Undergrad: 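Input: one structure, supplied below.
Numbers restart at 1 for each chain; the letters A, B, ... are given by sequence-line order, proteins then strands. The structure presented is a predicted model; accordingly, all values stated were derived computationally and were not measured.
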Amino acid sequence: MAADNINQEIRVRIAPSPSGHLHVGTARTAVYNWLFARKHGGTFILRIEDTDQSRSFAEMTESIMDSLKWLGLDWDEGPYFQSKRTELYQQAADRLLEQGRAYYCYCMREELEARRTEAMAAGRNPLYNRCCRRLTAEQRAAREAEGREKVMRIAIPENGTTTFEDLVLGPLTKGNDELDDFIILRADWNPTYNFVCAVDDVEMRISHVIRGNDHVTNTFKQVLVYRALDATPPYFAHLPLILGQDKKKISKRQGAVAVTEYRDQGYLPEAFMNFLALLGWSPGDDREYLPRTELIAAFGLERVTSTNPVFDTDKLTWLNGQYIRDMDDNKLLTLLQPILMEAGLATRLEIETRWHWMLKIIHSLKERLHFLTDIIAMGAFYFRGEFGYEEQGVAKYFRKDGTSEILTALADEFAKIPEERFNQESSEQALRALAESRGAKVAQLIHPLRLALTGSTKGPGMFEITDILGRDNCLKRIARSLEYIKTLGPPE
RNA sequence: GUCCCCAUCGUCUAGCCCGGCCUAGGACACCGCCCUUUCACGGCGGCGACACGAGUUCGAAUCUCGUUGGGGACGCCA
C-alpha cells in the first residue's frame, strides 16, 4: 500500500469541536497531522466543527487555538468555522435532493428512538428502516400539509459494499446493508457532522484524513457522501485511541485531559509534543528524545501503531526533565520568571535587575527539575530565610553534640572572608580548612550547614548555595539555626 | 446486543508485511551498585513480555483458524 502518498499536494486538517478545551487525544491527532504536513511540505488546516450550536462555545475556540499555539502547531489555513459555511452544505444537500440521492424524512424523534432501543434489545443492528424513502408524492404532500417537522437523509445504495483504504489499518469494507440512510440536515436545517465533514474535506481538497480510531465507522458514511457528491475520497489514516490508566478511552474521569492542564502543571510544549508523538508511533530506532525537527524528519504514517496506547505520565515527566536540562539557562529563566513571580518569590524588578544572580539559581536547580513549577518548592530557600527545618535532618544533624560549636566555628571562618571575595571557591576552602584543622570529614560540616542554610537535607551543591546566598546571608542563617538549636532539648 | 479494530515486559515500543540473525532489543517506572558533601544528573547491572489453543513448516513472536481478553462505533454529538 502506498503509505505516504506524496505524488499530490498534501493537505491535512485538524478539526476540533469547540465544546471543551483541547483534549489530549485531539492534540495527538493535531501533532500527527502537523508532522505529516511539515514533513511533506504540505498544508495544515484548522477547521472548527461547530455545527452543533448548543455545544459550541466561542471561548473554547480561543482556548483550543491557544493550546495549539502553545504546542507550536501553527496552521497554514483557517480557522474555518463550519457554522459560517452552512450555505455550502445546504447547497450540497439540495443538489443531492434534486438528484434523488437524499430525501425528506418525517419520522419523529421518539419513534426513531423507540425503534433503536427495540432493535438493540432484540440483538439487531439499529438501522433506520427507510420508511420515508419509500413515501409516495401524495404521502409526502400529506405530511407537509400536516406541517410535520422533517429532516433530510442521504439515500445510500441498498446493496453492495463500501470500501476504503486505511493507511494504518489496511483496506476496510462494510456491507451497505449494515449502514443506513443517516441524517444530513437536522430539523433546524443545520447539517450534521458526517455530512459537513465530507463536504468540507472535498471543498478544502484534503488529501489525507488523519484522525482517531473512533471515526472508522463514520468513515464508511463519509465515503458514501463522497460518492454521492461524485468526489474521490482522500486517504484515511486512523490512529489508535489513547487510553487512560483504566484502559478506557481517555476521559476526564482519570485526571487531566485538557492540554491546558498539562501546561499549567509545568510541562514544556516540546516535551509534551515529543510524548504525544510517541503515543502510537515510533521512529523505528532507539530514540525516545526527539525534538521538533527530529520528529519531522523521522515521522511517517507507515510507522503508526495499531494498538491503543495508555497515557503514561511517568514517561512524559521524564521527557520533561530531559528538555529542561537541555534548555539554555536564559531561556529557562524566562519561562520560570512568571512562575517565580506568581509564587511571590521574586518580583519582576528583582528578577530583571539580578538576572545574573537568578541564572546561578536556575543553573543550580536545573537538573533537579521535572516540572517548571518545581522551582517553587526547590528554590524557595534562595529567596526566603524564614523556613522550617526538616524534621529528619534536625534529628540527624542538629541534635548532635558539637553541632553548635561546628556551626559557630564555620560562621567565624566565613566572617573572615570579605563579602566581595566570598564565593564558591573561598567558602569551600574555608570549610575544608576548618574540617581539616578539626580532624573532621567535610561531610560532618556540610550536612549541618546545608540544613542551616536551606532547611533541607538535600539540594544543590553546598558551595553553589553559599555562593548564591552570599556571606551575610550565610551568617544570618547560621545564627538563626543556632538560636533554633538552643530551643531543642539536650541530645539523646 | 450488532458491527468493526486490536493483542510483545506494569507502561510506551522494536521485531511481524519478506518465518530461522530473538537465549525477544530499547525507553519510562522500580530495585541494586558506582560517581559523590546530600538530592538530582550520569554510568553500570537487575527485575520483567511474545494472551491461550490448534494448524502450516525442518523451524513461528512472526503465516492461518479458533478461543479468550481489551478497545471503539452503533445520535437530529463531533
Undergrad: Separation of Leu112(A) atom CG from C74(B) atom P, in whole Å?
TA: 16 Å
Undergrad: Which of these nucleotides, U37(B), C76(B), G72(B), is closest to any side-chain atom of His447(A)?
TA: U37(B)
Undergrad: Scan every strand shown for a Watson-Crick or G-U wobble partner of C18(B), both distances under 3.5 Å, and answer none if you come up empty.
TA: none
Undergrad: Using a cut-off of 4.0 Å on non-hydrogen atoms, how would the nucleic acid contact of Thr51(A) be classed: base, sugar-phosphate, or nothing?
TA: sugar-phosphate
Undergrad: Students often get this wrong, so: under 4.0 angstrom with heavy atoms, is Pro16(A) touching a base, only sugar-phosphate, or nothing?
TA: nothing
Undergrad: Identify whether any heavy atom of Leu278(A) sits under 4.0 Å from a base atom; if not, whether one sits that close to sugar-phosphate; answer base, sugar-phosphate or nothing.
TA: sugar-phosphate
Undergrad: When you get a sec, tell me which of C76(B), C3(B), C41(B) is the closest nucleotide to the side chain of His370(A)?
TA: C41(B)
Undergrad: Counting the atoms with a prime plus P, OP1 and OP2 as sugar-phosphate, which does Asn218(A) contact under 4.0 Å by heavy atoms, base, sugar-phosphate, or nothing?
TA: base
Undergrad: Could you tell me the separation between the NZ atom of Lys247(A) and the C1' atom of G72(B), rounded to a whole number of Å?
TA: 15 Å
Undergrad: Heavy atoms only, 4.0 Å cut-off, all strands: where does Phe463(A) land among base, sugar-phosphate and nothing?
TA: base
Undergrad: How far apart are the C-alpha atoms of Phe387(A) and Tyr389(A), what are their side-chain angles, what is the distance that settles it, and do they pass the ring pair (Phe, Tyr, Trp, His ring centres under 6.0 Å) test?
TA: CA-CA 7 Å; Phe387(A) 43 75; Tyr389(A) 300 99; 5.7 Å; yes
Undergrad: Looking across every strand, which nucleic acid part, if any, lies under 4.0 Å from Leu279(A) by heavy atom: base, sugar-phosphate, or nothing?
TA: sugar-phosphate
Undergrad: If you measure from the C1' atom in C34(B) to the same atom in G70(B), how many Å do you get, rounded?
TA: 42 Å
Undergrad: Distance criterion of 3.5 Å, no angle test: do you see the side chain of Glu288(A) paired donor-to-acceptor with the base of G26(B)?
TA: yes
Undergrad: Quantified in whole Å, what is the C1' atom distance between nucleotide G26(B) and nucleotide G19(B)?
TA: 23 Å
Undergrad: Could you tell me whether Ser306(A) contacts a base, only the sugar-phosphate backbone, or nothing, with contacts defined as non-hydrogen atoms closer than 4.0 Å?
TA: sugar-phosphate
Undergrad: Looking for any heavy atom pair under 4.0 Å, which part of the strands does Gln322(A) touch: base, sugar-phosphate only, or nothing?
TA: sugar-phosphate
Undergrad: Under 4.0 Å, counting only non-hydrogen atoms across every strand here, what does Gly280(A) touch: a base, just sugar-phosphate, or nothing?
TA: sugar-phosphate
Undergrad: Is His215(A) touching bases, backbone alone, or none of the nucleic acid, heavy atoms closer than 4.0 Å?
TA: base
Undergrad: Is Glu405(A) salt-bridged to Arg438(A), cutoff N-O under 4.0 Å?
TA: yes
Undergrad: Roughly how far apart, to the nearest Å, are C30(B) and U67(B) at atom C1'?
TA: 34 Å
Undergrad: By nearest heavy atom, map Ala187(A) and Glu178(A) onto RNA chain B; which one lands nearer the 5' end?
TA: Glu178(A)
Undergrad: In whole angstroms, how far is the C1' atom of A24(B) from the CG atom of Asp286(A)?
TA: 13 Å
Undergrad: Output the single nucleotide from C6(B), C76(B), A14(B) whose closest atom is nearest the side chain of Ile183(A).
TA: C76(B)
Undergrad: Could you tell me which nucleotide pairs with A7(B) by Watson-Crick or G-U wobble geometry, both distances under 3.5 Å, or answer none if nothing does?
TA: U68(B)
Undergrad: Answer yes or no: side-chain N or O of Arg325(A) and base N or O of C41(B) forming a donor-acceptor pair under 3.5 Å.
TA: no
Undergrad: How would you label the contact of Arg303(A) with the nucleic acid (heavy atoms, under 4.0 Å): base, sugar-phosphate, or nothing?
TA: sugar-phosphate
Undergrad: Does one side chain, of Tyr193(A) or Asn218(A), offer a donor that lies under 3.5 Å from an acceptor on the other?
TA: no
Undergrad: Mind checking if Glu149(A) touches a base, just sugar-phosphate, or nothing, with heavy atoms under 4.0 Å?
TA: base
Undergrad: Nearest nucleotide by nearest heavy atom, which residue falls closer to the 5' end of RNA chain B, Pro171(A) or Gly123(A)?
TA: Gly123(A)
Undergrad: Give a yes or no answer on whether the side chain of Glu149(A) reaches the backbone of Tyr106(A) with a donor-acceptor pair at less than 3.5 Å.
TA: no
Undergrad: Looking at the side chain of Arg116(A), which of C76(B), G71(B), A73(B) is the nearest nucleotide?
TA: C76(B)
Undergrad: Indicate, with a heavy-atom threshold strictly under 4.0 Å, whether Pro126(A) touches base, sugar-phosphate, or nothing.
TA: base
Undergrad: What does C35(B) pair with, Watson-Crick or G-U, if both distances are under 3.5 Å?
TA: none
Undergrad: Taking the six-membered ring of Tyr32(A) (Phe, Tyr or Trp), confirm whether the NZ or CZ of Arg28(A) is under 6.0 Å from its centre and within 45° of its axis.
TA: yes
Undergrad: Are Ile446(A) and Phe463(A) side-chain neighbours, meaning at least one heavy-atom pair lies under 4.5 Å?
TA: yes
Undergrad: Would you say the side-chain atoms of Asn320(A) pair up with the backbone N or O of Gly266(A), donor to acceptor, closer than 3.5 Å?
TA: yes
Undergrad: Is C76(B) paired to anything, Watson-Crick or G-U wobble with both distances less than 3.5 Å, and if yes, which nucleotide?
TA: none
Undergrad: Strictly by Watson-Crick or wobble contacts shorter than 3.5 Å, is anything paired with C47(B), and which nucleotide is it?
TA: none
Undergrad: Suppose you measure atom C1' in U36(B) against the same atom in C44(B); what distance do you get, rounded to whole Å?
TA: 16 Å
Undergrad: Rounded to whole angstroms, how far apart are CG on Asn320(A) and P on A40(B)?
TA: 18 Å
Undergrad: What integer number of Å spans the P atoms of A54(B) and C18(B)?
TA: 26 Å
Undergrad: At under 4.0 Å between heavy atoms, what does Val151(A) touch on the DNA or RNA strands: base, sugar-phosphate, or nothing?
TA: base
Undergrad: Going by distance alone, is a donor N or O of one side chain under 3.5 Å from an acceptor N or O of the other, for Tyr267(A) and Thr317(A)?
TA: yes
